[in-house]
Amino acid sequence: MDELGSQIVSGAIPEGTVLVPDELCERYGVSRTVVRETLRVLEAKGLLSARQNVGTRVHGSSDWDVLDHDVILWRIRSSDYAAVTRELLEMRSAVEPHAAGLAARRADETGVRELREAYAAMVEAAGRGDVGAWTSADIVFHSALLRASGNPMIAQLSKTVAAALEARSGEVAVEGISPHAVDMHGALVDAVSSGDAVAAQMRMEQLLGEAGDQMATLMDRLDRAQTG
């Protein structure tokens, strides 16, 4: 599934291609059951469709579920990295500050505790300079914040935000874990726990602004490396 998804998203398997299950069985050395399940999952993500008398045909990007975790990561692996990371940041900037404000108004003791525990794990990871552990704890933190908003539709975006944070791990590895980002997460927890919606929204906007600055810096470095 991962290989086929990556090839479709990258364009290696173009839109309109008809995938033949028996050929896929032979290519990957797997059973028809495995191929059938793989195609079913990819169809659910909008990458293809199976129709009687037509076969399994690959879809173009306009049909993809672009909020799907796997589709995001496949796009990031392709040449769309800069565009996808920008799209993700724009989406997060539209949603997460408002979610932070809602969390400050609605979070219960469990929600606040989950945020504090995730933040403690982030502080520990930052102290060790462990980018992998930092990213994992950051995902838990933002997922907890979206749930604390009390809006199930917003909470449903946690997997999309998780993909965005996974994508940013490369930038963090290059730039290092920002002490300011650590402090801002702590300030965000304090704002939510004290019920200060204005401060919570502002802290989240600051966090996303720093993420945007890091992305711009990394893109500039890549551009200079390619032209130099």
Side-chain angles (χ1 to χ4, degrees), residues 69 72-73 75-77 80-101 103-104 107 111-149 154 157-194 196-226:
H69 179 274
I72 290 169
L73 295 181
R75 289 185 67 203
I76 284 170
R77 291 180 200 166
D80 275 351
Y81 176 82
V84 179
T85 52
R86 184 186 65 251
E87 290 167 12
L88 287 168
L89 187 59
E90 289 171 351
M91 182 276 293
R92 294 181 64 198
S93 297
V95 173
E96 288 194 87
H98 184 58
V112 172
R113 184 180 69 252
E114 289 177 347
L115 283 173
R116 291 199 180 280
E117 289 174 351
Y119 174 63
M122 294 176 74
V123 171
E124 182 180 354
R128 301 196 312 269
D130 188 335
V131 173
W134 163 270
T135 300
S136 297
D138 199 16
I139 289 171
V140 173
F141 182 96
H142 286 269
S143 296
L145 182 72
L146 294 177
R147 287 195 303 274
S149 73
I154 291 176
L157 292 171
S158 61
K159 290 184 179 179
T160 302
V161 172
L165 294 171
E166 287 178 41
R168 287 204 62 239
S169 63
E171 297 168 28
V172 176
V174 171
E175 299 293 328
I177 298 171
S178 165
H180 182 61
V182 177
D183 293 341
M184 285 296 96
H185 280 85
L188 177 54
V189 175
D190 291 340
V192 170
S193 62
S194 65
D196 190 337
V198 174
Q201 183 167 336
M202 181 179 68
R203 298 306 183 195
M204 180 58 76
E205 288 171 350
Q206 291 173 329
L207 272 172
L208 293 172
E210 178 159 320
D213 291 342
Q214 282 188 329
M215 184 182 75
T217 299
L218 180 60
M219 291 298 103
D220 183 59
R221 286 181 180 177
L222 291 174
D223 287 341
R224 288 203 304 268
Q226 291 172 354

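Start at 1 with the first residue, then count along the sequence.
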Is the shortest heavy-atom distance from the side chain of [X] to the side chain of [Y] under 4.5 Å?
X: Met91; Y: Glu96; result: no
X: Leu115; Y: Leu188; result: no
X: Val161; Y: Ser143; result: no

Ignoring hydrogens, what is the shortest heavy-atom contact between [X] and [Y]? Give both atom names and the distance.
X: Leu73; Y: Ala163; value: CD2-O, 4.0 Å
X: Leu157; Y: Leu146; value: C-CD1, 4.0 Å
X: Thr85; Y: Ala82; value: OG1-O, 3.0 Å
X: Ser193; Y: Val112; value: CB-CG1, 3.7 Å
X: Gly101; Y: Ala197; value: O-CB, 3.5 Å
X: Val192; Y: Ala107; value: CG1-CB, 4.0 Å

So, taking the atom named [atom1] in [X] and the one named [atom2] in [Y], what distance separates them when rounded to the nearest 0.5 Å?
X: Asp138; Y: Glu166; atom1: CG; atom2: CD; answer: 11.0 Å
X: Leu165; Y: Phe141; atom1: CG; atom2: CZ; answer: 11.0 Å
X: Arg203; Y: Asp183; atom1: CZ; atom2: CG; answer: 10.0 Å
X: Gln201; Y: Glu205; atom1: CD; atom2: CD; answer: 5.0 Å
X: Ile72; Y: Arg77; atom1: CD1; atom2: CZ; answer: 12.5 Å

task: Mind running side chain to side chain contact (heavy atoms under 4.5 Å, CB included) on Met184 and Met204 for me, showing each step along the way?
output: CA-CA 8 Å; Met184 285 296 96; Met204 180 58 76; over 6 Å; no
- prompt: So, Arg168 versus Thr135: side-chain donor-acceptor pair below 3.5 Å or not?
  reply: no
message: Could you check whether atom NE2 of His69 has more than 12 heavy atoms from other residues, nucleotides or ligands sitting under 6.0 Å from it?
response: yes
task: Start with the C-alpha distance between Ser158 and Arg147, add both sets of side-chain angles, then the distance that settles side chain to side chain contact (heavy atoms under 4.5 Å, CB included), and finish with yes or no.
output: CA-CA 8 Å; Ser158 61; Arg147 287 195 303 274; 5.8 Å; no
Name the atoms and distances for all side-chain donor-acceptor pairs under 3.5 Å in residues 119-131, with sequence neighbours left out.
| from | atom 1 | to | atom 2 | distance (Å) |
| --- | --- | --- | --- | --- |
| Tyr119 | OH | Val182 | O | 3.4 |
| Glu124 | OE2 | Arg128 | NH1 | 3.4 |
| Arg128 | NH2 | Asp130 | OD2 | 3.2 |
| Asp130 | OD1 | Gly132 | N | 3.2 |
| Asp130 | OD1 | Ala133 | N | 3.0 |

message: The test is salt bridge (charged side-chain N to carboxylate O under 4.0 Å, His left out); show your working for Asp190 and Arg116 and say whether it passes.
response: CA-CA 9 Å; Asp190 291 340; Arg116 291 199 180 280; 3.8 Å; yes
query: So, His142 versus His185, ring centres under 6.0 angstrom or not?
result: yes
